[in-house]
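Worksheet for the structure shown next.
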Amino acid sequence: MFAFETYAGAMNLFSQLNYIGQNNCIFYATNAVPTTALMFGAVGGAVSSARMTANNRNWAGYLINVNEFGFGIIPMEGTKALSLKAEDLAPRFDEFFYIPYQQLVSVTIKRYTIGSSIKRVIIEISNAPKFDLLVQLKQNKMPYHEGCFKAFCDFYGKK
């Protein structure tokens, strides 16, 4: 069992940062690799990775809690080489990122590809690099993820 496998475990992580609200919508995301980078193969991927590193967005994943205070984002670091499995990730509390609603410019949710079970979520922030994320609709090892992400999509999706 890993720290954020259950909703209670995920809530415990955010409680350690004093970031618990009345309504907590918690889900897991990874960095998106832009399609243009994929077209250029390894070189494009390396350039994209360098850009994410420069923006301090080069983490294996993110645990996101959207509540009445804004967006709380815990970066996740891989504990095993070349593994992006959720059970191989550890929270980086020292890199916690908080986005109050006043700094939120926009949230865009798109289909990643036609028929895909992955969504692309772009969170734009005033005076900071945006978060460009991929979110799988279902995470088998995190049963709370699907319902929370659906609620997030229902709220921030096309109006």
Side-chain angles (χ1 to χ4, degrees), residues 2-7 9-11 13-14 17 19-40 44-45 47-78 84-87 89 91-92 95-159:
F2 53 98
F4 56 100
E5 183 174 23
T6 64
Y7 186 76
M11 288 289 286
L13 293 181
F14 283 102
L17 295 162
Y19 192 77
I20 298 292
Q22 293 297 314
N23 299 303
N24 298 282
C25 182
I26 302 173
F27 58 94
Y28 172 74
T30 59
N31 278 317
V33 175
T35 319
T36 53
L38 292 176
M39 291 180 355
F40 294 105
V47 169
S48 176
S49 179
R51 191 189 83 239
M52 287 188 294
T53 300
N55 292 335
N56 198 21
R57 302 280 197 278
N58 197 24
W59 297 102
Y62 301 91
L63 196 60
I64 301 170
N65 183 1
V66 181
N67 59 30
E68 62 272 16
F69 304 118
F71 287 56
I73 302 172
I74 301 174
M76 296 288 172
E77 182 175 52
L84 291 178
K85 294 178 182 177
E87 58 267 26
L89 301 177
R92 285 293 306 267
E95 297 287 340
F96 175 72
F97 196 86
Y98 167 61
I99 307 167
Y101 286 111
Q102 297 83 356
Q103 292 180 356
L104 188 66
V105 173
S106 69
V107 175
T108 306
I109 302 170
K110 302 177 182 180
R111 281 188 299 188
Y112 188 58
T113 60
I114 295 173
S116 177
S117 62
I118 299 172
K119 296 278 187 184
R120 187 170 180 186
V121 177
I122 301 167
I123 303 169
E124 292 189 59
I125 312 159
S126 60
N127 301 319
K130 67 183 174 186
F131 280 90
D132 192 353
L133 307 168
L134 294 180
V135 180
Q136 290 186 354
L137 298 179
K138 188 173 186 171
Q139 289 282 347
N140 291 332
K141 296 195 176 196
M142 293 176 262
Y144 63 89
H145 169 90
E146 185 175 2
C148 287
F149 187 63
K150 182 183 180 325
F152 177 81
C153 288
D154 288 347
F155 188 80
Y156 283 103
K158 293 181 181 177
K159 304 261 182 201

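The figures here come from the full heavy-atom set of this structure, side chains too, leaving out hydrogens, waters and symmetry mates.
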Tyr156 ring center near Phe71 ring center (under 6.0 Å): yes
Rounded distance [0.5 Å steps], CG in Leu137 versus NZ in Lys119: 6.0 Å
Gap separating the CD1 atom of Ile73 from the CD1 atom of Ile99, nearest 0.5 angstrom: 4.0 Å
Short side-chain to backbone donor-acceptor contact, Tyr19 and Phe69, under 3.5 Å: no
Nearest heavy atoms of Cys148 and Cys25, plus distance in Å: O-SG, 2.9 Å
Gap between atom CZ of Phe152 and atom CD1 of Ile64 - 0.5 Å precision: 7.0 Å
Any donor-acceptor N/O pair, His145 side chain to Val135 backbone, under 3.5 Å: no
Atom CD of Gln22: over 12 foreign heavy atoms under 6.0 Å: no
Short side-chain to backbone donor-acceptor contact, Asn31 and Trp59, under 3.5 Å: yes
Pairwise side-chain contact, Arg111 with Ser116, heavy-atom cut-off 4.5 Å (strictly under): no
Under 3.5 Å side-chain donor-acceptor pair for Tyr7 and Asn24: no
Closest non-hydrogen atom pair between Val105 and Ser126, with its separation: CG2-N, 3.3 Å
Non-hydrogen atoms of Pro91 and Ile74 that approach each other most closely: CB-CG2, 3.8 Å
Side-chain heavy-atom pair Ile26, Leu63 within 4.5 angstrom cut-off: yes
